[in-house]
Amino acid sequence: MRDAARVRAAFAAEWIKIRTVRSTLWTLLLSLVVSVGLGILVGHSMSASFAGMDRERQENFDPVEAGFLGLTVGQIALVVFGVLQIGAEYTSGTIRGSLLAVPRRGVFYGAKVAATMLTALVFSLFTVYITFFAAQWALGPQGVSLGDPGVLRATLGAWAYLTLMCAFSIGVAAMLRSTALTLGIMIPLLFLNSQGLGNVPKIRTVAQFLPDQAGAVMMRVVTVDESFITHRDFGPGTALVILLAWTAAALVGGLMALRRRDP
Amino acid sequence: MSGVIEVRDLSKKYGTTTAVDRLSFTVRPGQVTGFLGPNGAGKSTTMRMMLDLDRPTTGHVLIDGERYRRLSDPLRRVGALLEARAVHGGRSVYDTLRWPARSNRIPEARVREVLELVGLAGVAHQRAKGLSLGMAQRLGIAAALLGDPPVLLFDEPVNGLDPEGILWIRNLMKDLAAEGRTVFVSSHLMSEMALTAEHLIVIGRGRLLADTTVAAFIEANSRSCVLIRTPEPDRMRAALAGVGVRVERAADGALEAYGTRAAAVGELAAAQGLTVHEVSTRQASLEEAFMRLTGEAAEHRAGGAR
């Protein structure tokens, strides 16, 4: 099929683009270092303070979630990586060259999304498991192993979450066509919710369906009590569906923007 | 595969502004076709629509009967230089050409070949952001030539080039046309087009003003006059007026006589005993002809008057 060869060529070109800029190495390295580093720090501090916690907090303590706190910060750099794949095309003006080489918007966009997601998929696999083992080691007696109930599922959830957030950020960047604007929206979205909005009861009813909240549920093993502030109305399976819906919506929105607007 | 570009009824409106207004023309292979118009006339917008980057409000462009978007491996069919600065500064010169080559299944050896051709082989592994404007322009031309295409579009290619670079690109365009390719070059400088192009498409405010050969354009649009320098301009004017010749005063104080010949003016001066320092035939410059056509001449004159 000539079309298949064309799609493969477009994908190979996008893969060259990813490999030939330094920002790829820096953003991914930063993401890994922050995720693992914070994972170890949080693990140590939780391990040290566990004995002093009240019973409710001890019962609701989730070692996997605690170990992945670093990931929620480290994901920012991965999101930056995703946003840059589209944003840099617009800031540098290479978008026109890209569309001259691959004028079919769908093929160009599909190749870009695929190359970026594949990079994120492989990268996240390493980040998630290195972070997991490092953090669980730092948690000492409170740590868990992959074989414990729900743990493998939670780590797979984290892996899926990171990959999908990278894809989500490409879609948002394609709609907004600006690195700065996209990050200005994405970073507060990723931080404000988990740190604040998501835990305010009234706002939570709605805010819990935002992508990072769904991700948090996927990375957990302990089902927290309904009275506890981190309680959510859905489980990890539903969370994955919510996250997939967000990602699909962003990617479709990005494609529509690319098709409808002049570059 | 002949390389004919057909522009049919092409318009582009941005809100209430019309950038391109129902343009129709055909660009043929084997010659350099100049696309001439003042800045803001709609040249770049037209070229972007020819390449399916911008969506036309009306009309369409066909390249060998197909829309750009439908071409398979388009870089092998059409090469374009739009903005030379539109490269990712962090990527090397070599890698800047490597990804488009890969996307259109052009062998990687061709990257080195075109870099040699434009004289950038020595900086192939430098980052693109370190290039001077002239070098960036050469890189843009290398990108256009990457697929060895039969159709080439250059948007203001001499911008930012030094005299040596300008000469180089003029010869390159002529050579490409001599090889039978379609070469379509935009410029806001008539003098530049007179040196390179054989055919001209002239637009102003988005409308087609002329579609003709360069020779015919010059013939039709330039008017000659007799330039006279004399210490007695008032007597000279009176003498010329007496034989029904229209006289204008040039900016530097010389007189311009229209509808007569230098010999007749000389004989008239001798008969009247007038002192003259210079009597010569002057061909109005192409730039003037062009400005008159695009309606800018009036504004320039007004601005230049005391």
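Chain identifiers are assigned alphabetically (A, B, ...) following the order of the sequence lines, protein sequences preceding nucleic acid strands; residue numbering begins at 1 within each chain.
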Can you list every donor-acceptor pair under 3.5 Å that links chain A to chain B?
from, atom 1, to, atom 2, distance (Å)
A:R2, NH2, B:S72, OG, 2.9
A:K17, O, B:R91, NH2, 3.0
A:T20, OG1, B:R91, NE, 2.9
A:R96, NH1, B:E83, OE1, 2.8
A:L100, O, B:Y68, OH, 2.6
A:A101, O, B:N104, ND2, 2.9
A:R105, NH2, B:D52, O, 2.8
A:R105, NH2, B:L53, O, 3.4
A:R259, O, B:R55, NH2, 2.4
A:D262, OD1, B:R55, N, 2.9
A:D262, OD2, B:K12, NZ, 2.6

Next item on the list: For B:P74 and A:A101, work out which heavy atoms get closest and say how close.
Entry: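 That closest heavy-atom pairing would be CG-O, 3.5 Å.
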
Margin query: At a heavy-atom distance under 4.5 Å, which candidate from A:P263, A:A111, A:A10, A:A88 has the highest pair count against chain B?
Written below: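 With the most close heavy-atom pairs to chain B, the winner is A:P263.
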
Distance-only check: which donor-acceptor pairs under 3.5 Å involve side-chain atoms of residues 242-258 of chain A, not counting sequence neighbours?
from, atom 1, to, atom 2, distance (Å)
A:W246, NE1, A:F209, O, 2.7
A:T247, OG1, A:L243, O, 2.8

Notebook entry, point to check: Roughly how far, to the nearest 0.5 Å, is CG of A:L100 from CG of B:L75?
Noted result: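 Output value for this atom pair is 7.0 Å.
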
Next item on the list: Kindly state each residue pair satisfying ring-ring contact (aromatic ring centres under 6.0 Å, His included) with at least one member in residues 22-58 of chain B, sequence neighbours excluded.
Entry: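 Of all non-adjacent pairs touching residues 22-58 of chain B, those that pass ring-ring contact (aromatic ring centres under 6.0 Å, His included) are B:F25-B:F35, B:F25-B:F184, B:F35-B:F184.
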
Next item on the list: For residues 247-256 of chain A, pull every pair meeting salt bridge (charged side-chain N to carboxylate O under 4.0 Å, His left out), keeping only residues two or more places apart or in separate chains.
Entry: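 Qualifying pairs: none.
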
